[in-house]
Amino acid sequence: MKVKVPKTLLTEHVALLERVIPTRSSNPLFTYLGLALTPDALVLFGTNGEVDLEVRLELPTEGEGRFLVPAQPFFQLVKSLPGDQVELGFGAELSLSSGSFSTRLSLAPDEGYPELFFPSLEGPAEPYPLQTLLPVEELLKALSHVRYAASNEEYRAIFRGVQLEFSEGGLRSVASDGYRLALYRLAKPQPFAKKVVVPARSVDEMVRVLKGMGEGEVALALGPGVLGLATSGSQGAAATGKGQLRMAVRLMEGEFPDYERVIPKEFPLKAAFDVEAFREALRRVSVLSDRQNHRVDLLFEERRVLLSAEGDYGKGQEEVPVRLEGLPLAVAYNARYLLEALSPLSGQAVLLLSGPTSPSLVRPGEAAEGYQAVVVPLRV
């Protein structure tokens, strides 16, 4: 039983699995990489108990079988192989050769290895009765644009995840840590109504996989306590093979409390500005901010905003041109929170202020739909 794989193709997909498979685990089998030969493909798979990932490389093969190999030495060897082609041979051991290098790695029986269930690209099926197709680019935005707002604190419980809301009105993603809120709405009607919360760490892995897919659509499927993702191919695969990716992530129990009530509806001041110029000024001034709360004061006046900060290193200020609608207003923010709220934006942005201490809303300059973020000011 053997298969030949272009090194670039193998390296690209092994990198995805390397992020998932742990170096240490209470279940030693989780530290192994799964390798399976089928009549027309080499399949690589692995899990850490929270995220399962499978990569199918369509290649000519000889024989069929399923094996487990110690993941870390395999990953390190693949990245440093000298040749353009990698030959894998399966027997009592795994033989690996490329260019002038060759070695043998011990294989373990797959008895006791957890069964991994992935969604199908052919439509809803057990254990995934609910399925929808989404543009890869839009799903990537829905996850990456809000991920920063998820909490890193254990006591925040459900807020350590990203909530996905499927409905006839579209798909909405939401994240919050109690100090800020990020939302992204994809106005594409969904075939079912459901709310689920994906752990933030699992969202990171989903984003990594989606970034390698390029254009096209991805199947997103829901089952009891699990969300699945499947795609027919990945960008950058060599001409001799195509990678089909399938992923399953465990969901958190529960859903977010009503967050709509913290989103302001009335704004006495609207400030429009160039994102890059404002962001760079905020970044510079924040260097001098207090190290505890990263406070930066913003004074909105006619056709400008004055940013200022003072801390242990001194004080500084910078003026940025803005287009204002409303009365002058002074407000203070945690600079890091405001910078992260602006991070998904480019071109023009709008900051909608509901008051000096009540929540503010960040939006793109033109579209009211899509991304928006709520940032709570510091006390002036």
Side-chain angles (χ1 to χ4, degrees), residues 50-53 117-151 157-177 181-211 213 215-232 245-263 344 363-364 367-374:
E50 295 181 357
V51 177
D52 307 336
L53 182 62
F117 294 99
F118 297 104
S120 170
L121 285 168
E122 300 175 359
E126 293 295 336
Y128 294 94
L130 304 177
Q131 184 166 313
T132 182
L133 288 175
L134 296 170
V136 169
E137 184 179 356
E138 290 299 332
L139 180 57
L140 179 57
K141 287 180 181 177
L143 297 173
S144 61
H145 280 23
V146 306
R147 163 62 180 93
Y148 71 86
S151 177
I158 197 70
F159 289 118
R160 292 182 294 112
V162 172
Q163 180 161 288
L164 300 179
E165 303 174 4
F166 302 84
S167 70
E168 291 183 357
L171 171 67
R172 174 184 276 192
S173 59
V174 189
S176 176
D177 63 0
L181 177 77
L183 305 93
Y184 186 89
R185 182 173 180 269
L186 171 60
K188 179 181 179 182
Q190 296 301 297
F192 54 86
K194 189 78 173 176
K195 293 181 181 180
V196 299
V197 181
V198 184
R201 289 181 299 181
S202 299
V203 169
D204 293 338
E205 300 308 324
M206 292 177 67
V207 167
R208 258 185 280 272
V209 167
L210 290 167
K211 282 183 176 179
M213 290 184 183
E215 299 179 353
E217 289 189 316
V218 58
L220 203 61
L222 289 172
V226 66
L227 180 143
L229 179 153
T231 176
S232 60
L245 300 173
R246 300 197 296 172
M247 172 181 276
V249 301
R250 309 302 182 271
L251 299 172
M252 301 176 71
E253 293 185 5
E255 62 182 59
F256 286 8
D258 180 19
Y259 56 83
E260 292 280 357
R261 57 188 176 82
V262 306
I263 302 175
R363 282 182 177 170
E369 299 292 341
Y371 171 77
Q372 58 182 346
V374 178

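This chain uses plain numbering: 1 for the first residue, then up along the sequence. Reckoned from all heavy atoms, side chains included, excluding hydrogens, waters and symmetry mates.
By the 4.5 Å heavy-atom criterion applied to side chains, Phe166 and Leu220 are counted as neighbours. The side-chain heavy atoms of Val209 and Thr231, taken from C-beta on, include no pair separated by under 4.5 Å. Contact annotation: the side chain of Asp52 approaches that of Arg250 to within less than 4.5 Å [non-hydrogen atoms, C-beta and beyond]. Put simply, the side chain of Leu186 does not reach to within 4.5 Å of the side chain of Leu139, judged on heavy atoms. Counting only heavy atoms from C-beta outward, the side chains of Leu251 and Val198 approach each other to under 4.5 Å. Under the 4.5 Å side-chain criterion, counting only non-hydrogen atoms from C-beta, Val374 is not in contact with Tyr259. The shortest distance between side-chain heavy atoms of Val146 and Val174 does not fall below 4.5 Å. Contact annotation: the side chain of Leu171 never approaches that of Thr132 to less than 4.5 Å [non-hydrogen atoms, C-beta and beyond].
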Exercise. Give the C-alpha distance, both sets of side-chain angles, the deciding distance and a yes or no for side chain to side chain contact (heavy atoms under 4.5 Å, CB included) between Val249 and Val203.
Key: CA-CA 9 Å; Val249 301; Val203 169; over 6 Å; no

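Put simply, the side chain of Arg172 never gets that close to the backbone of Ser167: no donor and acceptor are under 3.5 Å apart. In this structure, the side chain of Tyr128 engages the main chain of Phe117 through a donor-acceptor pair within 3.5 Å. Without hydrogens or angle criteria, Glu255 side chain to Lys195 main chain gives no donor-acceptor distance under 3.5 Å. For Arg246 (side chain) and Ser120 (main-chain N/O), no donor-acceptor pair under 3.5 Å exists by modelled atom type. Under a 3.5 Å cut-off, the side chain of Lys188 and the backbone N or O of Leu133 do form a donor-acceptor pair.
Nearest heavy-atom pair across Ala142 and Ser173 is O-OG, 2.5 Å. Heavy-atom minimum distance, Ala150 versus Gly161: CB-O, 4.0 Å. Contact record, Ala175 with Phe256: CA-CE2, 4.1 Å, taken as the closest heavy-atom pair. Across all non-hydrogen atoms, the minimal contact from Tyr371 to Ala182 is CE1-CB, 4.5 Å. Taking every heavy atom of both residues into account, Met252 and Ile158 meet most closely at CE-CA, 4.0 Å. Shortest non-hydrogen contact noted between Val207 and Ser144 is CG2-N, 4.2 Å.
Atom CE of Met206 sits about 12.5 Å away from atom CZ of Arg147, to the nearest 0.5 Å. Separation of atoms CG (Leu134) and CG (Leu140) is listed at 12.0 Å; rounding is to 0.5 Å.
In Glu137, the CD atom is not crowded: 12 or fewer heavy atoms of neighbouring residues, nucleotides or ligands sit closer than 6.0 Å. Within 6.0 Å of CD in Glu260 there are more than 12 heavy atoms belonging to other residues, nucleotides or ligands.
A salt bridge does not link Glu205 with Arg201: none of the charged nitrogens is closer than 4.0 Å to a carboxylate oxygen.
A donor and an acceptor atom, one from each side chain of Ser202 and Glu50, are nowhere located under 3.5 Å apart.
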